[in-house]
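All figures in this text were calculated on a predicted structure; none of them were measured in a lab.
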Amino acid sequence: MKDVSTTVEYKGKKYKLVFNINVMEAIQDKYGSIEKWGKLCEPRKTEDGEMIESNFKALKFGICEMLNEGVDIDNEESGTNDPPLTLKQIGRMITEFGTAETFETLNTTILKCTKSFEKNGSSTKNQ
């Protein structure tokens with residue numbers, strides 16, 4: 001499985017949003033499964049058409065794990081020592097981007113990872 005990332009920019013600085021096995025493990029530890037966490041993060045409508053907002057704690061946690069994995073990778077690859085982002089910093093980022101855009105970016109990154117995982121899994125089966 002390859003690390004899948006998307007770059008986001010906040011206040012003039014670019015950050016890698018990474019979804020990999022390290023992030024998946026952290027999410028599973030906290031929420032039981034990626035699917036349960038994803039349902040918490042997704043804004044949706046009830047049968048009555050009432051909008052249910054994202055669970056912001058779950059959204060912030062996942063984004064924080066993904067961005068901090070990117071910080072760790074960048075630190076390893078470039079020899080820098082950037083500190084991890086805090087949940088409050090993540091909340092400010094989400095506020096600036098908007099929850100809909102944040103969820104869309106998150107969803108796109110996860111889908112890319114899933115496709116990469118399926119591709120790698122299927123190539124392993126054929127060997």
Novice: Is the CD atom of Gln28 crowded by more than 12 outside heavy atoms at less than 6.0 Å?
Specialist: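 Result for CD/Gln28: enclosed.
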Novice: Just by modelled atom types, is the Asn22 backbone N or O under 3.5 Å from a matching donor or acceptor in the Asn20 side chain?
Specialist: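 A pair under 3.5 Å: yes.
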Novice: Below 4.0 angstrom, N of the basic side chain to O of the carboxylate: do Glu77 and Lys16 qualify?
Specialist: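 Yes, Glu77 and Lys16 are salt-bridged.
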Novice: CG/Asn68 to CD/Gln89 distance, rounded to the nearest 0.5 angstrom?
Specialist: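 Those atoms lie 8.5 Å apart.
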Novice: Contact between Met24 and Phe19 at the side-chain level, heavy atoms closer than 4.5 Å - yes or no?
Specialist: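 Met24 vs Phe19: side chains touch.
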Novice: Is it the case that one hydrophobic cluster holds both Val71 and Leu17, taking links as side-chain heavy atoms less than 4.5 Å apart, direct or via other members?
Specialist: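 No, separate clusters.
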Novice: Start with the C-alpha distance between Asp72 and Glu69, add both sets of side-chain angles, then the distance that settles side chain to side chain contact (heavy atoms under 4.5 Å, CB included), and finish with yes or no.
Specialist: CA-CA 5 Å; Asp72 285 347; Glu69 182 68 6; 4.3 Å; yes
Novice: Which pair of non-hydrogen atoms, one from Ser78 and one from Asp74, has the smallest distance, and what is that distance?
Specialist: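 What the structure gives for the nearest pair is OG-O, 2.6 Å.
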Novice: Hey, could you give me the CD1/CZ distance between Ile63 and Phe56, rounded to the nearest 0.5 Å?
Specialist: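 Here the rounded value is 12.5 Å.
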Novice: Set out, in order, the CA-CA distance, both residues' side-chain angles and the distance that settles salt bridge (charged side-chain N to carboxylate O under 4.0 Å, His left out) for Lys13 and Asp82, then state yes or no.
Specialist: CA-CA 12 Å; Lys13 183 167 180 168; Asp82 290 337; 3.6 Å; yes
Novice: For Glu53, look at atom CD and say whether over 12 heavy atoms of other residues, nucleotides or ligands are found less than 6.0 Å away.
Specialist: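 Counting neighbours around CD of Glu53, 12 or fewer heavy atoms of other residues, nucleotides or ligands fall under 6.0 Å, so no.
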Novice: Does the side chain of Leu67 come within less than 4.5 Å of Val8's, by heavy atoms?
Specialist: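 Contact flag for Val8/Leu67 side chains = yes.
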Novice: Rounded to the nearest 0.5 Å, what's the gap from CD1 on Ile110 to OG1 on Thr6? Could you check?
Specialist: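 Result: 10.0 Å between the selected atoms.
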Novice: For Phe61, enumerate each residue passing the ring-ring contact (aromatic ring centres under 6.0 Å, His included) test, keeping only those at least two apart in sequence or located in another chain.
Specialist: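 Phe61: ring-ring contact (aromatic ring centres under 6.0 Å, His included) contacts with Tyr31.
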Novice: Do the rings of Phe97 and Tyr10 sit parallel, tilted or perpendicular, given the 30° and 60° boundaries?
Specialist: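 Ring orientation of Phe97 relative to Tyr10: perpendicular.
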Novice: Roughly how far, to the nearest 0.5 Å, is the CG atom of Asn81 from the CD atom of Glu76?
Specialist: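 Reported value, rounded in 0.5 Å steps: 11.5 Å.
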Novice: Looking only at heavy atoms, what is the nearest atom pair of Lys36 and Ser33, with distance?
Specialist: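 For Lys36 versus Ser33, the nearest heavy atoms are N-OG, 3.0 Å.
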Novice: Quick one: closest heavy-atom pair of Lys60 and Leu87, and the distance?
Specialist: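 It is CE-O, 3.2 Å.
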Novice: Looking only at heavy atoms, which two atoms of Glu96 and Lys11 are closest? And how far apart?
Specialist: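 Here Glu96 and Lys11 meet closest at OE1-CE, 4.1 Å.
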Novice: Could you state whether Ile34 and Leu59 fall into the same hydrophobic cluster, counting links through intermediate Ile, Leu, Val, Met, Phe, Trp or Tyr residues with side-chain heavy atoms under 4.5 angstrom apart?
Specialist: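 Cluster IDs for Ile34 and Leu59 match.
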Novice: Identify the two heavy atoms, one from Cys64 and one from Leu85, that lie closest to each other, and give their separation to 0.1 Å.
Specialist: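 Closest heavy-atom pair between Cys64 and Leu85: SG-O, 3.7 Å.
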Novice: Side chain to side chain contact (heavy atoms under 4.5 Å, CB included) between Thr108 and Glu104: does it pass, once the steps are laid out?
Specialist: CA-CA 6 Å; Thr108 300; Glu104 185 61 35; 3.6 Å; yes
Novice: Spell out, yes or no, whether Met66 and Leu40 are grouped together once hydrophobic residues are joined by side-chain heavy atoms under 4.5 Å, including indirect joins.
Specialist: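 Yes, one cluster joins them.
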Novice: Looking at Ala58, is its backbone amide N or carbonyl O close enough to the side chain of Trp37 to form a donor-acceptor pair, meaning the two atoms are under 3.5 Å apart?
Specialist: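 The answer is yes, because a donor-acceptor pair under 3.5 Å joins these two groups.
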Novice: Provide the closest heavy-atom pair for Ser54 versus Cys41 in the form atom of the first, atom of the second, distance.
Specialist: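 Heavy atoms of Ser54 and Cys41 come nearest at OG-O, 2.5 Å.
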Novice: Is it the case that the side chain of Arg92 and the backbone of Ile90 share a donor-acceptor pair, with hydrogens and angles ignored and the cut-off at 3.5 Å?
Specialist: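 Pair absent, no side-chain N/O of Arg92 close to backbone of Ile90.
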Novice: State the CD1-OG1 distance between Ile94 and Thr102, to the nearest 0.5 angstrom.
Specialist: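 Result: 5.5 Å between the selected atoms.
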